[in-house]
Structures are given as C-alpha cells and as structure tokens.
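In what follows, a single structure is set out as structure tokens and then discussed.
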Amino acid sequence: MELAKAYEPKVAEESHYKRWEECGFFKPELNQDPGAETYSIVIPPPNVTGSLHMGHALQHTIMDVLIRWKRMQGYKTLWLPGTDHAGISVQRKVVEQLRKEENKTPLDIGRDEFVARCWTWKEQYGNTITEQMRREGASVDWSRHRFTMDESLSLAVRNVFCTLYDEGWIYRGLRIVNWCPKDRTVLSDLEVKEETRKDGKLTYLKYPIEGTDRTLTVATTRPETMLGDTAVAVSPSDERYKDLIGKTIALPLTDRKIPIVADEYVDAEFGTGAVKVTPAHDPNDYQIGERHNLEKLLIMNDDGTMNAAAGAEFEGLDRFAAREKVVAMFGDLGLLEKVEDYEISLPVCERCKTIVEPILSEQWFVKMDEMRDLALDLMRTEGVPHFSPQVPHEKVYTLWLENLKDWTISRQLWWGHQIPAWYDDEGNVYVAPTEAAAREKAGGKELKQDQDVLDTWFSSGLWAFSTFGWTGGAGVPADLATYLPTDVLVTGRDIIFLWVSRMIMLTGKFTGEKAFNDVVVTGTVLGKDGKPMSKSRNNGVDPIEMFDKFGVDATRIYLASIATGADIKWNDVGVETYRNFANKIWNATRFCLLNSEGASVDHSDLVERGEMGIADRWIISRLNQTALDVNKSLERYEFHTAVSLLYHFFWDDFCDWYIELKKDEINAGDIAATRRILTVLEIALRMLHPFMPYLTEELWHKLPGTSSAMNNSVYSEAEASIMLTKFPPGDLSAIDPQAEAEMGAVIEVIKRVRNIRTEMQISPSIKFEVHIGAQRSFQEVFRANEAQILKLARAEKIVIGDTLVAPKASAKAVTSEAQIAVPLEGLIDFDKERERLSTQIAKLGEERSRLDAQLSNANFVERAPAEKVEGLRDRSKELEGQIATLQMNLSALG
RNA sequence: GCCGUCUUAGCUCAGUGGUAGAGCACACGCUUCACACGCGUGGGGCCACAAGUUCAAAUCUUGUAGACGGCACCA
C-alpha cells in the first residue's frame, strides 16, 4: 500500500468521526466487561450562545485525552456532554433580534411568546458548539447530551429549590444588591467585576445645617445619590462634629430635613469625616440606616433613570445626567466646595460592562452556611477535590469558602427556570415544585407565580448529578449509581467559585456523594500579545482556523503540550511543530508500508527477545520505557510531559535511529524486520491515539494485520478501531539496560564520525575508513553493527581492534566506549584538526576540573551520598582517559 | 490593602537540591531511494537581583524589582 507524500489532515478528519459515533464507540455500554471499572467526566457545559474558543479547545483536548486513554485501558468510560441555557446571554440575543426584526420589546409579545422565541433561537443557533466539538474529535456520548432546561433537569432545579426553602436555606429578603441597569436584573457578587478608572471624581458638597449658617461638607463619587440621602453620619469620637450630632440638615435640591447621626462606621481621618447616608443605594449606608432606623429612599428606576422620589426636576433623567445636574445645581447654590480627580474602582457587569448600581431590592438568596461547611469538611478530611495543580487553587478555594456570603439567585429575566414560588393576594408565599402543589398548600386560593427566574449557575450547580437522571424523586437512577462521583473535572480558573464550588456543595447536599475526586485547572491561553483573548482586544485565535491551517490533531497535541496549568501565550509556530510531527508520523508509516508485502503486525513477535539484534532490543526497551512514563505522566495530569515523551520517542528513537538502522534490511525485503517495525509502529500509534485520534486511526487501518486483531478483549466484538485497542501499559521486563548501553555506544560512534566529517568539511559524497579501538565486549557490539555504522557514518570500511591503529593524517575522537580515527590522507587540514582537538580537550578539561574541585572538598566526600561521590569519581576517571587520548592525538600531529 | 503566581538561550516554554533542556530562529553542509512539514553538524544561558540554609542552590528560605491574577475596598 502506498501513502500520499504528505499528511492531509482533512481526509482523515472527515472520514472517522462519523463512524466512531455511529458505531457507538463513545458509549460506555460498548464495554461488555461486567467487571470493568467506570471512569466518568461531565463536561463543563458551554453556553448555548457560545462558539468554540481556545479555552474550550484546551479543556476538551484534555478531557478527550483522559477519556480515550482510560477507554483503551478497558475502563467503562463516559464523557457526558451538554450545554447550559445562559439566561442573560440568550435573553439579550432574543431581545435584540426582536428589536431588529420586528421593532418590538419583550413586553409587546408577552412572557410565553418570548420564552417560545428563546427556544426557537436555541434550536436554531444553540448547536454551533456541539458541531464544533465533533470536529475536535471529542469522544463524548451524544446520546446522553443534556441541556440545563431539559424537563428532567428543570424538575431537579425545582425540587432542590423547594428542599432548600423548606429547610430554611433559601429565603426572600430586601437587601442591597448589584443591579445591572442595562440587563435590568440583579447579579451575584461573582458576576460583578471591578474596573479601575483614573478619570473618577470626588465631589465635595456643602450641606446647610438647620438653624445655623454653617454647612457640613460631605464627599461623594456618586453625587446623584444625594437625592436619596436620609442622614449624614459622623464619627462619635470626632471632636469637630460633636456638637452637630442630633442636629438637622436641610437637604439641598429637596424639601427634606435629615438628621446628623453618630456612627462608628465613619472614619474621622478619611475625607471630610462626614458621610452622606443613602441607605437604599449603598451597602454600608444600608447598615447605618438599619442602626439608626433611617428611611430607605429609593430614587432610581430599574433602567438607571431617576424616579419620582428624586424630585420632579430629576425624574426620568439618566443617573449620569442627574449626576451632572446635581453638581451644577450645587454650584449655582454656592454649595459646591470642590471637585477632585480621584482614581476609583467601579463595579461593572461582567457581561456588558455597564456600571453596576447598588440598589435596595427584594430578592431570593441561598444561605451558604451548611453547604460551605460540607465543602470545607470534604477538603479537610479527604482532601477532595484534589486540585491539579494543587498550588495555589486549593488555598484560594478554601479561603473563598471561609468568607462565603449569601448567594443572590433570582434574576429579573424570562428565560430560565421560573422560581417555583407562588403568591396569594395578601402576598403570602407558597413554595412548591408545581402550581398544583402550591395551590394545595394555599388551600386552593388563586395564586400568581414569582416572575423571576433562577441564576443559570443554580442549575449548573446541579450538573454533576442532574445529568445522571436525578430529579429529587425517590430511588437512585442507574446512571447516578454508576457514574457518580465522576473521576475528574477539567475547567478554567475563572469558574472555580462560580461553578466548581457550588457543584461540590450541592452534589454533597443532595446526593451525599462527591461530585468529583480531582479537578484539573487549566491555565489561560493568552493572545499573542500576552493578554487574555478578548473581542475588545481583538487578539483572539479561532481554534477552527487552526484546525483548517494545521489540522485538528496538530492543534490538539500542541494544546496538550502546553497544558501545564500555567498561562501560556498562543504560538502558531508551536502548532506548526506538531503539524510537522504529524507529517513525520505519516511518512514513517509510509516508509514501513513501502516494503510491507508479506509482513503484518504481530505482537507475539516482540515477546521472545533473546535472539534479537541490539537495535531491536533497544527500540523495544525504549518503547516500553516510553509507555511506562506516558502512563505515569497521564496519571499525574502532566500532559505536556506525556507529549514530550511521545514526540522524542517517535522522532528521535524511532525515526532518526531505528528506521535508519533497519533501513537496509527492510528495503531488502526482510519480512521479519518489516514485521517487527510494523509492530513497534502500531504500538507507538496506540500511545499517540488519545492525542492525535484522526491521524492514528487513519494510519492504523492502513497497517496490515491490525483490523483483525484489536488485542483488547473488552471490545473484541466491536468493529475495528485503534480507539478500542489496548493502551500500551509498558512492560518492565522489556526494559533492557544492556541494549540501551550498547546501542548508545554505537550511536555515539556514529555521531562522533559525523562530527568529524562536518568539521573537517568533508563532502557527504566522500566515503572514508573508520578505525575503532575499544574493549573486547564493545568490539563485538561494533562488529555486530558494522553495516549500520558504515551506512550512517557514510564509511567505506571499518577497522576494529584493541587499540587504535591509524595513519598520522587522521582525524580523531573519543567516546566513553571507543577511540575513533578517520584516516584522511590528502583531505585533512592539520590546523583545523589541531583546533578541533584543542577545543574538545578544553571542553572536557573544564568539566573535569569542576569535578575534581568537588572531589577534593573533604566536606563533600564525607557528607554527600556515597554513590554520588562514586559517580563523580568514575566520570572524572573517564574524562582523564579521554583527555589523555586526545592529548596524545594532538601531539602526534606535531 | 491582603493573598497568590510568574521572571531560565533571540522568541515561546519545559525542568530540577548534585555536570543547564526542547521547539522555533540562527550558522554551515546535504537532490542520503519515508519525509525540505526533511537530513546531518554546530554556535548560543552568572536560570531577574540580593542575602541566608546546605558539602552542594537555577532548584529551599527571606527580602527587592518587574509582569500578571484573585479577593476586599473609605464616603
């Protein structure tokens, strides 16, 4: 069989995924072994509005590597896919669509119609990312795909809500919350980000004190909120203001009289020492208001404009326009003391960057106490979840839990899980999973359901168990019993609090199980400018473009190669490296197949190693060592180490040496040699498969003898595929230190001779003799590999003996096991050779003096481990010998 | 403000208490019959800085500087 000259990724990518999926290879049920252990992962559900970005590509690659590796090891593996309903994002898209296409608002069409439009939108656009995941090669079980608003997941949400309410962990209350005036909904603390603004202003307002001609100056960054002031507070210990406590302010621009109160919260040292108090628009002011029984005057509408309570002159004005107007009017009244530039950090909506308004509002909250303790106990007693990398995530996670505040879970949206709470005319609340149940509780009264929906993260928090069929009813669903706890969660840093922690808590609370044992936290893939990829920076790299340019496999293995847990800058050249690697594998296979007639893969061929040549024993040793190390790396989630091992085994050991050493035999049609190289290649492809699924599947089917024998009893009934072969576990008994040492000696000789050729500027077309002096045991090794040395060193004759016998006009070199001479009568440049030897001597001498300095240190010899000292002594002695030889060679040149 | 991470070859990054690594880039040479997405050879680093622990520190400790991230924020 002949392969194309270069690997063309598209061909392989288009043909295999469909078959894998259709044959049910991704389903755990494929594994018929009743004793098989399970291995499960739930995907962090991407947003239905989303499309694949580099973070997904990285995380999906890691999950797929793990799943494919475990599947090949014979585990019953499940990788469960799904998407979340992304409340605000979808709502915003549909609102926008409605406005553009019909010039209507959600209110125009009503809630039911609006929700129906959302579903339509989801059906139409919501599978972008699932299609992209197929391109990635993600081996997820599509038959178990879940959406957070599926019937059964929604039921789970309602039941969880009701249980938490009944147990007192959910409550409804009037609090200062984060309000996004653009989305017109409340946000949780985690959805608010701080943004530093250098152009902030601190405005000093003079408030007239009743019954005097004095004023009291307060400073504020939000002057418009003065319209909602209901007090001014000063520190009780502040001598300056002691006499003012209890007096009254005539609040400008309003007709209100507000008291001056004393409160410990106020820092006399800061600002003017007097604080305007707006209890309905600031969390700290709210606390002061509570302590002093102040009125909580709400002066804004939910869209950030001022309401009637702000006064007729301000009603309807946007908060920022109102701000300017307040400042101007204070100026006109002569009550504006000054305006200072002030660097300020502002809370902004994570999604739309609108400045968040703290506002008094009645919302639903989850008290986290019980669940927080549950999560902390799990970490303290079992160390679960085990974060990888452990530092710093474990600490940050624990610290966050310890300071956890109540979670605002209601959202003023229509798209999502409507809160299962109903109200009667008197405003009594009835919480139940269904309206019928609520009505029963209410004694049959007419009820109206709460208009808000739940935070999307509330339903994602149930993901680890709601996806396995848990709804809150009696009994344990089979999937839940089988796959929970999941083995590992792979995710980014940004949602450890938002999602990971909540899933741990809710899973523990409702199932009594761990959600997962391990958490692999990936680093952030940064743009080429070293900053996080973002639309506004326009530094994003589209994974799909990379797939098109370099192939899916190259992109995947590159991503795996940078999966250290640290942030990393995206680098096209890195992907190119693995594109080249894919081509290298393709061509190595191509070579093996060129002469494969009559030979086929045969694993029994590697068992009896007694009669094999050094090169064979060496590559089998290297192969098994690599397998052992790759398995170990993957167990530790050290994906980059696994990639590096595979890369160097394949390119250096297999291609550069093994193929070259065996080339003549194979080209000569030696069936045994071909069978052996095919078998080694097949095993190497298996190890690569989790990283490069398409390429390896494509090539594996081209190897003779693979399709009929998958060599994995667990999947023996299934159609042939490399993804169902057995992942090489690595065989300790095949590790052959002697073969590695002997092969190493041969390789060293070849390298030294090649070095001589290059440095002496001898054309590759000129063949020369190579003389080798060595100990008896190594003489045999060199004789056994004479043909290989002849070929790879481009020599015409090899002379091997106890000592080196060579004419004066020779270039010389030494290795640990051999002395080498290359007679170059008429070709040698004596000056160059002297320089070459001198350089070599100096180099070795430097190392030796370093060693000797260490060895002459009595402290070192006494305290360092004996084998360390012995090792250095041996090396020093060896260097001494090599230097002496080179020195001799140098003086022989005259 | 508090907590944390990072600083290694021109670039992007591994690494680790005991002789500094990779890929790319660079230099020189190759129509060597799998591969120029290639082959061969080579040059290149006081491992941010300072002090300490140690027989031994790029690796551990502390501090300094720079980059970044998280958390909390006083009007």
Side-chain angles (χ1 to χ4, degrees), chain A residues 3 5-7 189 194 202-204 218-222 225 232-233 265-267 269-278 282 284-285 345 389 391-393 395-396 399-400 403 493-494 496-497 523-524 526 528 530-532 550 554 558 561-562 564-574 576-595 638 640-641 644 647-648 655-656 659-660 663 666-667 750-751 754-759 761-765 791-792 794 846-848 850-851 854 857-865 868-869 871-872 875 879:
Chain A
L3 265 51
K5 217 175 158 182
Y7 175 52
D189 296 347
E194 296 293 323
L202 189 59
T203 306
Y204 290 77
V218 296
T220 179
T221 53
R222 295 189 293 155
T225 61
V232 172
Y265 166 77
V266 181
D267 176 1
E269 306 296 313
F270 190 88
T272 65
V275 180
K276 58 188 279 307
V277 182
T278 325
D282 183 280
N284 293 313
D285 292 7
S345 76
V391 179
H393 300 111
K395 189 175 174 183
V396 173
L399 209 70
W400 181 77
N403 297 301
R493 247 195 319 264
D494 50 336
I496 291 179
F497 304 150
T524 309
L526 307 171
K528 286 164 194 158
K531 303 236 166 71
F550 299 111
Y558 167 66
S561 82
I562 60 168
T564 62
D567 291 353
I568 185 121
K569 270 185 239 188
W570 180 265
N571 184 6
D572 276 2
V573 173
E576 203 179 332
T577 298
Y578 290 99
R579 191 267 318 258
N580 296 348
F581 182 50
N583 189 57
K584 188 74 179 174
I585 296 165
W586 176 269
N587 274 289
T589 306
R590 181 167 178 256
F591 168 77
C592 293
L593 289 174
L594 282 176
N595 298 286
E638 289 170 5
H640 63 295
T641 309
S644 167
Y647 185 93
H648 289 109
C655 293
D656 285 352
I659 288 184
E660 295 304 329
K663 206 170 230 174
I666 289 166
N667 280 339
I750 294 168
K751 285 191 156 184
R754 283 170 169 176
N755 173 264
I756 288 171
R757 178 185 297 277
T758 303
E759 303 234 326
Q761 295 178 315
I762 313 288
S763 157
S765 58
K791 181 177 167 70
L792 300 184
R794 305 190 68 75
E846 214 175 288
E847 187 186 341
R848 181 156 185 255
R850 230 188 355 247
L851 292 184
Q854 234 178 316
N857 180 342
N859 269 328
F860 170 72
V861 179
E862 259 170 55
R863 304 204 191 188
K868 192 102 251 161
V869 178
L872 291 200
R875 177 67 181 149
L879 286 171

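Each chain gets a letter, A, B and so on, in the order its sequence line appears, and its residues count up from 1. Worth knowing before you read on, the calculation uses all heavy atoms, side chains too, and leaves out hydrogens, waters and symmetry mates. A quick note: this is a predicted structure, and the numbers were derived from the prediction, not measured.
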>> Quick check for you: among B:A14, B:A34, B:C37, whose closest atom lies nearest to any side-chain atom of A:Asn580?
In response: B:C37

> For B:A34, does either OP1 or OP2 sit under 4.0 Å from a side-chain N or O belonging to A:Lys663?
Replying inline: yes

> If you take atom types as modelled and just measure distance, does the side chain of A:Glu847 reach the base of B:U19 with a donor-acceptor pair under 3.5 Å?
Replying inline: yes

>> Any base atoms under 4.0 Å from A:Ala566, or only sugar-phosphate, or nothing? Heavy atoms, all strands.
In response: sugar-phosphate

> B:A51 and B:A65: how far apart are their C1' atoms, nearest whole angstrom?
Replying inline: 15 Å

> Got a donor-acceptor pair under 3.5 Å from the side chain of A:Lys5 to the base of B:C35?
Replying inline: no

> For A:Phe497 and B:C71, what is the distance between atoms CZ and P respectively, to the nearest whole Å?
Replying inline: 6 Å

>> In whole Å, I'd like the distance from the CD1 atom of A:Ile496 to the C1' atom of B:C71.
In response: 13 Å

>> Students often get this wrong, so: under 4.0 angstrom with heavy atoms, is A:Val218 touching a base, only sugar-phosphate, or nothing?
In response: nothing

> Out of B:G18, B:C74, B:A34, which has the shortest distance to the side chain of A:Asp267?
Replying inline: B:C74

> Of all the choices, B:U12, B:C35, B:A75, which nucleotide is nearest to the side chain of A:Lys569 once you look at every atom?
Replying inline: B:U12

> Is A:Val218 close to A:Val232 at the side-chain level, that is, under 4.5 Å between some pair of heavy atoms?
Replying inline: yes

>> Would you measure the distance from the C1' atom in B:A25 across to the matching atom in B:A9 and give it in whole Å?
In response: 11 Å

> Does A:Phe550 have its ring centroid less than 6.0 Å away from the ring centroid of A:Tyr578?
Replying inline: no

> Any side-chain heavy atom of A:Thr225 within less than 4.5 Å of one from A:Asp282?
Replying inline: no

> In Watson-Crick or G-U wobble terms, both distances under 3.5 Å, what is the partner of B:C39?
Replying inline: B:G29

> Of all the nucleotides listed (B:U19, B:A34, B:G70), which has the minimum atom distance to the side chain of A:Arg875?
Replying inline: B:U19

>> So A:Tyr7 and A:Ile585, do their side chains get closer than 4.5 Å, heavy atoms only?
In response: no

>> Roughly how many Å apart are B:U62 and B:U5, using the P atom of each and rounding to a whole number?
In response: 10 Å

> Distance check: side-chain N/O of A:Thr758 vs OP1/OP2 of B:G40, anything under 4.0 Å?
Replying inline: no

>> Can you tell me the base-pairing partner of B:C24? Count Watson-Crick or G-U wobble geometry only, both distances below 3.5 Å, and say none if there is no partner.
In response: B:G10

> Which part of the nucleic acid does A:Thr272 contact within heavy-atom distance under 4.0 Å: base, sugar-phosphate only, or nothing?
Replying inline: nothing

>> Taking B:U32 as the reference, what is the distance to B:G40 when you measure between their P atoms (whole Å, please)?
In response: 13 Å

> Of A:Cys655 and A:Leu526, whose nearest nucleotide on RNA chain B comes first from the 5' end?
Replying inline: A:Leu526

> Taking the side chain of A:Phe270 as its heavy atoms from C-beta onward, which of B:C74, B:A22, B:U19 lies nearest to it?
Replying inline: B:C74

> Taking only N and O in the side chain of A:Lys395, is any of them less than 4.0 Å away from OP1 or OP2 of B:G4?
Replying inline: yes

> For A:Asp656 and B:G38, what is the distance between atoms CG and C1' respectively, to the nearest whole Å?
Replying inline: 10 Å

>> Quick check: do A:Phe860 and A:Leu872 have side-chain heavy atoms less than 4.5 Å from each other?
In response: yes

> In whole Å, what is the span from the CG atom of A:Asp282 to the P atom of B:A75?
Replying inline: 9 Å

> Considering only the C1' atoms, how many Å lie between B:C46 and B:G42, rounded to the nearest integer?
Replying inline: 24 Å

> Say you pick atom P in B:C28 and the same atom in B:C60; how far apart are they, in whole Å?
Replying inline: 41 Å

>> Under 4.0 Å, heavy atoms only, any strand: does A:Ala588 hit a base, just the sugar-phosphate, or nothing?
In response: base

>> Go nucleotide by nucleotide along RNA chain B from the 5' end; which of A:Trp570 and A:Arg794 gets its closest nucleotide reached first?
In response: A:Trp570

> How close or far is atom P of B:C68 from atom CD of A:Glu194, stated in whole angstroms?
Replying inline: 18 Å

>> Using whole Å, what does the distance between atom P of nucleotide B:C39 and atom CG of A:Asn583 come to?
In response: 10 Å

> Which nucleotide in the list B:A34, B:C13, B:G42 gets nearest to the side chain of A:Glu759?
Replying inline: B:G42

> Looking at B:C35, does its base get a donor-acceptor pair with the side chain of A:Arg590 below 3.5 Å?
Replying inline: no

> Any side-chain N or O of A:Asn755 less than 4.0 Å from the OP1 or OP2 oxygen of B:G42?
Replying inline: yes

>> If you define the side chain from C-beta out and look only at heavy atoms, does anything of A:Arg754 sit under 4.5 Å from A:Arg794?
In response: no

>> What contact category does A:Ile659 fall into here, base, sugar-phosphate, or nothing, at under 4.0 angstrom with non-hydrogen atoms?
In response: base

> Counting only side-chain N and O atoms of A:Lys751, is one of them less than 4.0 Å from OP1 or OP2 of B:G42?
Replying inline: no

> Could you state the CZ-P distance from A:Phe550 to B:C37, rounded to the nearest angstrom?
Replying inline: 13 Å

> So what does A:Arg579 hit on the nucleic acid, given a heavy-atom distance under 4.0 Å: a base, only sugar-phosphate, or nothing?
Replying inline: base

> What's the OH-C1' distance between A:Tyr578 and B:C37, to the nearest Å?
Replying inline: 15 Å

>> I want to verify a distance call: between B:G29, B:C74, B:U19, whose nearest atom is closest to the A:Tyr265 side chain?
In response: B:C74

>> With rounding to the closest Å, how many angstrom separate the P atoms on B:U54 and B:G66?
In response: 32 Å

> Do A:Arg875 and A:Glu847 meet the salt-bridge criterion of a basic N to acidic O distance under 4.0 Å?
Replying inline: yes

>> At 4.0 Å (heavy atoms only), tell me whether A:Lys868 reaches a base, stays on the sugar-phosphate, or touches nothing.
In response: base

>> Does the structure show a Watson-Crick or G-U wobble partner for B:G1, both distances under 3.5 Å? Name it, or say none.
In response: B:C71

>> I'd like the C1' distance from B:U12 over to B:A72, given in whole Å.
In response: 35 Å

> Any side-chain N or O of A:Asn284 under 4.0 Å from OP1/OP2 of B:A75?
Replying inline: no

> Within 45° of the six-membered ring axis of A:Phe591 and under 6.0 Å from that ring's centre, is NZ or CZ of A:Lys663 located there?
Replying inline: yes

> OP1 or OP2 of B:G15 less than 4.0 angstrom from a side-chain nitrogen or oxygen of A:His640, does that happen here?
Replying inline: yes

>> Given the structure, check if the side chain of A:Glu660 and the base of B:A34 hold any donor-acceptor pair shorter than 3.5 Å.
In response: yes

> Does A:Lys584 place a side-chain N or O at less than 4.0 Å from the phosphate oxygens OP1/OP2 of B:C35?
Replying inline: no

> B:A75, B:U19, B:G69: which one has an atom nearest the side-chain heavy atoms of A:Arg493?
Replying inline: B:G69

